[in-house]
A.B. asks: 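The following block contains the structure, expressed as structure tokens.
All residue numbers in this chain count up from 1 along the given sequence. We use all heavy atoms of the structure for the numbers below, so side chains are in, but hydrogens, waters and symmetry mates are not.
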Amino acid sequence: MHVAFRLLWLLPLGAAVPLSRPAARPAAPARVLVPVELFTSEGCSSCPAADALLRELTAAQPVPGVEILALGEHVDYWNRLGWQDAFSQPAFTQRQHMYAEGFGSGSYTPQAVVGGRTELVGHQREKLLAAIREAARAPQATVVLTAEAAGSTHRLQVRVSGAPAAGAQVLLAITESGLASQVGRGENAGRLLRHAAVVRELRPLGTATAAGTFAATVPVNVNSGWKTAGLRYVVLVQASVTHYITGAAVLPAE
């Protein structure tokens, strides 16, 4: 007791007693990006449930190690049935037909296509989650996406390695979240429909080399009618024969 008392007095007034530092936490592993393309329409009464499910999953991100990317692609073949979907594009109808030929499923709404590998009715929660987990286990190309802004024009730098050697396509999708419509006619007349991230634009950037690489700088003009806060750039690497999506990257537009 006497010795302990004398040692305490040897410390200068106000001296800091060193504390052990906690060990540095290891960096969290990168999450696998799994795109879920939802072929939908504001004219379809079954589609709002699929939109709601995809919005829920992208907000909650319930699959460990996975980031679910929502790509709402509004088809145009419902437009003749009483309501003109402002987000619909013929290109999305054509893309759905491409998938239908491969799956032998026919085109319907709401149809979810997960990673280009699996198709299912878009509001089937457990089947959708299972398909997402399966797609996340597949080998992934490395995709690096950066951007520079100059007014309303952005320049995207896209770099891909490890893509399928047989001429994989590299695609750019621009999505906007937070969109909704008050529907006046058709099967959803009188309803306010809130959408999962809507694809505003989808275009090919080029084809990967035989070595599985791709590099390009791409100018993008942001439409003045789009809300920048909700915009994201999504790059997809898609095999030309199987249509499997083997790599992805995402970047906010802001």
Side-chain angles (χ1 to χ4, degrees), residues 33-51 53-54 57-58 68-124 127-128 130-132 134-135 138 141 163-164 166-176 179 181 183 186-188 193 195-208 214 233-248:
L33 303 181
V34 176
V36 177
E37 298 176 74
L38 179 63
F39 294 97
T40 184
S41 172
E42 292 181 344
C44 160
S45 62
S46 300
C47 288
D51 261 295
L53 175 58
L54 190 51
L57 295 182
T58 52
I68 301 167
L69 296 178
L71 298 166
E73 299 176 34
H74 289 232
V75 297
D76 66 348
Y77 50 82
W78 277 89
N79 290 352
R80 64 182 183 275
L81 300 177
W83 177 251
Q84 185 79 22
D85 186 335
F87 304 119
S88 65
Q89 296 185 34
F92 301 145
T93 298
Q94 294 167 9
R95 184 165 174 82
Q96 188 183 31
H97 286 166
M98 174 197 76
Y99 279 130
E101 290 180 359
F103 291 128
S105 61
S107 296
Y108 63 90
T109 55
Q111 183 183 34
V113 176
V114 180
R117 298 170 179 271
T118 307
E119 70 85 22
L120 64 148
V121 177
H123 50 63
Q124 295 178 318
K127 289 185 178 181
L128 183 56
I132 290 167
E134 181 180 358
Q169 269 202 322
V170 181
L171 308 170
L172 170 65
I174 302 176
T175 68
E176 184 175 357
L179 295 172
S181 298
V183 178
E187 291 188 2
N188 290 314
L193 303 185
H195 300 303
V198 173
V199 178
R200 288 295 205 170
E201 181 180 329
L202 178 65
R203 60 181 165 115
L205 299 182
T207 303
F214 176 85
Y233 301 126
V234 179
V235 170
L236 306 174
V237 180
Q238 187 161 38
S240 59
V241 177
T242 63
H243 305 310
Y244 291 174
I245 294 175
T246 61

A.B. asks: Between CZ of Arg95 and CG of Leu202, what distance do you get to the nearest 0.5 Å?
C.D. replies: 5.5 Å

A.B. asks: Looking at OH of Tyr233 and CG of Leu172, how far apart are the two atoms once the value is rounded to the nearest 0.5 Å?
C.D. replies: 8.0 Å

A.B. asks: Using the rule side-chain contact (heavy atoms from CB on, under 4.5 Å), only one of Val170, Leu71, Leu205 pairs with Leu236; which is it?
C.D. replies: Leu71

A.B. asks: Any side-chain heavy-atom pair from Val234 and Leu69 closer than 4.5 angstrom?
C.D. replies: yes

A.B. asks: Specify the closest pair of heavy atoms between Leu33 and Ala248, including all atoms of both residues, with the distance to one decimal.
C.D. replies: CD1-O, 3.4 Å

A.B. asks: How about Val237 and Phe214: do any of their side-chain heavy atoms sit closer than 4.5 Å?
C.D. replies: no

A.B. asks: Does any part of the side chain of Val36, heavy atoms only, come nearer than 4.5 Å to the side chain of Val113, both counted from C-beta?
C.D. replies: no

A.B. asks: To the nearest 0.5 Å, what is the distance between OG1 on Thr118 and NZ on Lys127?
C.D. replies: 11.5 Å

A.B. asks: Distance alone, cut at 3.5 Å: any donor-acceptor contact between the side chains of Glu73 and Gln96?
C.D. replies: no

A.B. asks: Answer whether the closest heavy-atom distance between the side chains of Arg203 and Leu171 falls below 4.5 Å.
C.D. replies: no

A.B. asks: How close do His195 and Phe87 get, counting heavy atoms only, and between which atoms?
C.D. replies: CD2-CE1, 3.7 Å

A.B. asks: Stepwise, does the side-chain contact (heavy atoms from CB on, under 4.5 Å) test hold for Leu57 with Leu128?
C.D. replies: CA-CA 10 Å; Leu57 295 182; Leu128 183 56; 3.7 Å; yes

A.B. asks: Which atom names give the shortest non-hydrogen contact between Asp51 and Ala196, and what distance separates them?
C.D. replies: OD1-N, 2.9 Å

A.B. asks: So which heavy atom on Ala70 is nearest to which on Ala197, and how close?
C.D. replies: O-CB, 3.6 Å

A.B. asks: Could you note down all residue pairs passing salt bridge (charged side-chain N to carboxylate O under 4.0 Å, His left out) where residues 109-121 supplies at least one of them, sequence neighbours left out?
C.D. replies: none

A.B. asks: Counting only N and O atoms by type, is there a donor-acceptor contact under 3.5 Å from the side chain of Asn188 to the main-chain atoms of Cys44?
C.D. replies: yes

A.B. asks: Examine distances only and state if a side-chain atom of Thr58 and a backbone atom of Leu54 form a donor-acceptor pair shorter than 3.5 Å.
C.D. replies: yes

A.B. asks: Assess the residue pair Glu187 and Ser46 against the criterion (side-chain contact (heavy atoms from CB on, under 4.5 Å)); give the C-alpha distance rounded to whole Å, side-chain angles, the decisive distance to 0.1 Å, and a yes or no.
C.D. replies: CA-CA 9 Å; Glu187 291 188 2; Ser46 300; over 6 Å; no

A.B. asks: Less than 3.5 Å apart, any donor N or O on the side chain of Ser181 or Glu42 sitting next to an acceptor on the other?
C.D. replies: yes

A.B. asks: Apply side-chain contact (heavy atoms from CB on, under 4.5 Å) to residues Arg200 and Thr175 and explain how you reach the verdict.
C.D. replies: CA-CA 6 Å; Arg200 288 295 205 170; Thr175 68; over 6 Å; no

A.B. asks: Under a plain distance cut-off of 3.5 Å, with no hydrogens placed, do Trp78 and Ser88 share a side-chain donor-acceptor pair?
C.D. replies: no

A.B. asks: Do you know the tightest heavy-atom contact between Tyr77 and Thr109?
C.D. replies: OH-CG2, 3.4 Å

A.B. asks: If I compare all heavy atoms of Pro204 with all of Gln169, which pair ends up nearest, and what's the gap?
C.D. replies: CB-NE2, 4.1 Å

A.B. asks: Pairing donors with acceptors under 3.5 angstrom, does anything connect the side chains of Asp76 and Thr93?
C.D. replies: yes

A.B. asks: Can you tell if the side chain of Glu37 reaches within under 4.5 Å of the side chain of Tyr99, non-hydrogen atoms only?
C.D. replies: yes

A.B. asks: Less than 4.5 Å apart, side chain to side chain, heavy atoms only: is that true for Gln238 and Tyr244?
C.D. replies: no

